[in-house]
Amino acid sequence: MTGSGKMKKKYASGEASWYMTRKQALDKLQVNLRDFRRLCILKGIYPREPVKRTRAQKGSTEKKTLYYKKDIQFLLHEPLIWKMWDMKSRHKKIQKSKGKRDFDSVKRLHAGRPKYDLDHLIKERYPTFSDALNDLDDPLSLCSLFAIMPAITKISDAIVADCRRLTVEFMHYVIEARALRKAFISIKGYYFQAEVQGCVVTWVVPHHFVYTRPENVDMKVMSIFSEFYTTLLGFINYRLYHTLNLIYPPKLALTGATPSDGCLSTAELEAERVAALNTPLGRLRLPEQPEADDEAELALMAAAVGDDLEEARRRRQRTRRLQRLFDGCRFFIGREVPREPFVFVIRALGGTCSWDATCAPGATYSEADETITHQLIDRPVPEASKKYTSRYYVQPQWVFDSLNLGALRPVQLYFPGVELPAHLSPFKEEEVTWGEYVPPDKLKLLGQLQETEPAGDGEAPDESEDEGEEEEEDDASEEAVEEDEDSGDDEQEEMEDEPSEQSAKAKMRVTPGKIEQVNDKKEKIKESKEDFWMRARMIKKKDKHKFYKLLKRKKMMQEEARLLTKKRQVVEKEMMEKKKLQKRQQKKALAQS
């Protein structure tokens, strides 16, 4: 056929040429599925969902795992895959030597197995230090989880030890930098939030319970993530320590033995005391640098955030007040209280703490010290012979609630045996824009609790105004009647002659007009609704479904808030009835005695 161009083959261009199945990727890279999964996790490559799966799979209707072809070609130039090829060939040689029962060769081949590192991947995935800090939430949470796990077949003891060491190093940095901002105790564990060089980092530390292996979690995949995250966290800790002139790896500024240190060697004792988080770290002796201009630095921070200078100054004062919250406070932690999270919070806010020296290394003073201001206990009140009058005995929740409030809460609310106030999450936004439920305890705590008696108080002024207006109307009508009677006496003779005009004039009278009552609140609500729907009409047609989806979500949240409020009222009513019943029983007991 003359004049026609070259015919294109089917599925040779477009979306069909963008994707590659996992089997094709394995053949292309010449690796097994385990090594391919490891490569994808370390490099940050994930499966993709095409727009039209049938066309992407070249007519096949079977659902397959698809990857971008460019990502697979990118893996071909990865030095890590070359190491995997060398390890694969070395493994074949080891198996061959085992078959020949040449155990000397097996030992030699095992000793010379190729090893790889992930330093170049960290630099490739995180070009700047701020990128690494912004992605620090998951590494800290996973390392905190692995730090409390026992060594099992799927996870080596080296990974567990590295995770423990790195999490302790990061917590030491937060303590030295006074970077802790929020904390919360939940069923999952302890949530912490720190501000590290302008980046907000939030992570969770699990409770120290007995380990039970989860059935629906692939520990091999988790170990691959931990391998990458430990490398990343090591680089971050090194950089953060040098910003504060701290020695890395961390070393204690003070040395000395405690009564429980006799069974440990010097190296083990040093590691245990570092992990106790109770001793300041050593610093490098560098020449003092001139202090920077505080106002200029504040102006730069305000410009970066987008706030005015006054708001930035208030935020800085609030932060400094929080950093010195426990200055001058000396705590003693009881045996039943989890030691590590409370030591971390107390020391990050400027306080000092200790515990019984027989529990763990790192104790700095005993329970008999008269300078102790607070003792954390989670048991009944100690006996009078064991109780010190120079300190407060409080429950552990007082520490976390004081941190979240930014001020020391009243200790009488947290005495042993007292019913504790609600432990509220500090991660919930204070501004409620969707009508979601906010506990009354939080509103009282923040001073935002509105008056709960609008019905009785709001109607009283209107009724008094109406009564005053009615009295004025009655007086005016009486005056008008009197004027009409006077005029009637003077013109009585003329009225007798014209009875029709007399009846018409009797009906005619001048009365003052009544002022129409306008509810400004209702009018404003009506205007805002009209304005809202007028603006809703301006939404583009393609975005209408998103708008109505948001409206539906808002209604659901408002309905949930209504149900929770009703449930709260029922619970409070039951509690009031129980208290009344207890008082009656106490009165009866007193009367009988």
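Small disclaimer: the values here were computed from a predicted structure and weren't measured.
- Lys182 places a side-chain N or O within donor-acceptor distance of the main-chain N or O of Pro426, the cut-off being under 3.5 Å.
- Annotation: Glu572, atom CD; neighbour count of heavy atoms from other residues, nucleotides and ligands within 6.0 Å is above 12.
- Ring-plane geometry between Phe184 and Phe427 is classed as perpendicular, the angle between the planes exceeding 60 degrees on a 0 to 90 degree scale with a lower cut at 30.
- Ion pairing between a basic and an acidic side chain is recognised when a charged N comes within 4.0 Å of a carboxylate O; Lys123 and Asp119 show no such pairing.
- Inter-residue side-chain proximity for Lys529 and Ile525 is flagged as met; some heavy-atom pair is nearer than 4.5 Å.
- The CE atom of Met575 sits 5.0 Å away from the CD atom of Glu419 when rounded to the nearest 0.5 Å.
- Looking at every heavy atom in both residues, Asn134 comes nearest to Cys199 through OD1-SG, 3.4 Å.
- Ring geometry, Tyr190 versus Phe342: the interplanar angle exceeds 60°, so the pair is classed perpendicular (tilted spans 30 to 60°).
- Residues Leu142 and Ser226 approach most closely at CD2-N, 3.7 Å, considering heavy atoms.
- Side-chain atoms of Arg409 never come within 3.5 Å of backbone atoms of Asp401 as a donor-acceptor pair (strictly under, hydrogens ignored).
- Phe170 pairs by the ring-ring contact (aromatic ring centres under 6.0 Å, His included) definition with Trp203, not counting sequence neighbours.
- Of the possible polar contacts, none joining the Ser141 side chain to the Asp138 backbone as a donor-acceptor pair under 3.5 Å is found.
- To the nearest 0.5 Å, the span separating OG1 on Thr231 from CD1 on Ile122 amounts to 5.5 Å.
- In this structure, Ser402 contributes its side chain and Val399 its backbone to no donor-acceptor pair below 3.5 Å.
- The CD1 atom of Ile224 sits 12.0 Å away from atom CE of Met219, with the distance rounded to the nearest 0.5 Å.
- Tyr173 has its side chain within reach of Val196: a pair of non-hydrogen atoms, C-beta onward, lies under 4.5 Å apart.
- Under the 4.5 Å side-chain criterion, counting only non-hydrogen atoms from C-beta, Leu550 is not in contact with Phe547.
- Residues Glu15 and Arg48 are not paired through a salt bridge, judged by the lack of any N-O separation under 4.0 Å between the basic side chain and the carboxylate.
- A distance of 6.5 Å separates CG of Leu232 from CG of Leu136, quoted to the nearest 0.5 Å.
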Verify side chain to side chain contact (heavy atoms under 4.5 Å, CB included) between Trp18 and Leu66, making sure each step is shown before the conclusion. CA-CA 10 Å; Trp18 297 347; Leu66 300 177; over 6 Å; no
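- Scanning all heavy atoms of the two residues, the minimum distance from Val345 to Leu403 falls at CG1-CD2, 4.0 Å.
- Between Arg239 and Leu133 the shortest side-chain heavy-atom distance does not fall below 4.5 Å.
- Aromatic rings of Tyr19 and Tyr68 (six-membered ring for Trp) have centroids within the 6.0 Å cut-off, being under it.
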Show your working on side chain to side chain contact (heavy atoms under 4.5 Å, CB included) between Arg37 and Lys220 and close with a plain yes or no. CA-CA 10 Å; Arg37 185 183 289 117; Lys220 291 183 179 179; over 6 Å; no
Take Glu169 and Arg165 through the salt bridge (charged side-chain N to carboxylate O under 4.0 Å, His left out) test and state the conclusion after the steps. CA-CA 6 Å; Glu169 289 175 358; Arg165 175 180 58 85; 3.3 Å; yes
Determine whether His120 and Glu78 satisfy the following criterion, side chain to side chain contact (heavy atoms under 4.5 Å, CB included), listing intermediate values before the conclusion. CA-CA 10 Å; His120 65 286; Glu78 172 57 41; 2.7 Å; yes
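- In this structure, the side chain of Glu176 does not engage the main chain of Leu244 through any donor-acceptor pair within 3.5 Å.
- Looking at Asp162 and Tyr229, their side chains never come closer than 4.5 Å, going by heavy atoms from C-beta outward.
- Between Thr319 and Arg181 there is a side-chain heavy-atom pair separated by less than 4.5 Å.
- Using a cutoff of 4.0 Å between basic side-chain nitrogens and carboxylate oxygens, Glu559 and Arg562 are scored as salt-bridged.
- A distance of 6.0 Å or more separates the ring centres of Phe235 and Tyr126.
- Here the closest heavy-atom approach between residue Val337 and residue Leu376 is recorded as CG2-O, 3.7 Å.
- Of all non-hydrogen atoms in Pro206 and Ile148, the two that sit nearest each other are CB-CD1, 3.7 Å.
- In this structure, the side chains of Tyr414 and Pro396 stay at 4.5 Å or more apart for every pair of heavy atoms.
- Without hydrogens or angle criteria, Arg178 side chain to Arg320 main chain gives no donor-acceptor distance under 3.5 Å.
- Note that the CD atom of Gln397 and the CD atom of Gln395 stand 7.5 Å from one another [nearest 0.5 Å].
- For Arg34, the CZ atom is loosely surrounded, since the number of other residues' heavy atoms within 6.0 Å does not exceed 12.
- Distance check: Leu39 CG to Ile45 CD1 gives 8.0 Å after rounding to the nearest 0.5 Å.
- A salt bridge does not link Glu574 to Lys578: none of the charged side-chain nitrogens sits closer than 4.0 Å to a carboxylate oxygen.
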The test is side chain to side chain contact (heavy atoms under 4.5 Å, CB included); show your working for Tyr67 and Cys40 and say whether it passes. CA-CA 10 Å; Tyr67 293 86; Cys40 291; 4.2 Å; yes
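- Counting non-hydrogen atoms of other residues, nucleotides and ligands closer than 6.0 Å to CZ of Arg22 gives a total of 12 or fewer.
- When every heavy atom of Lys544 is checked against every heavy atom of Ala536, the shortest pair comes out as NZ-O, 3.2 Å.
- In this structure, Met149 and Met222 have side chains that are not in contact, with every pair of non-hydrogen atoms separated by 4.5 Å or more.
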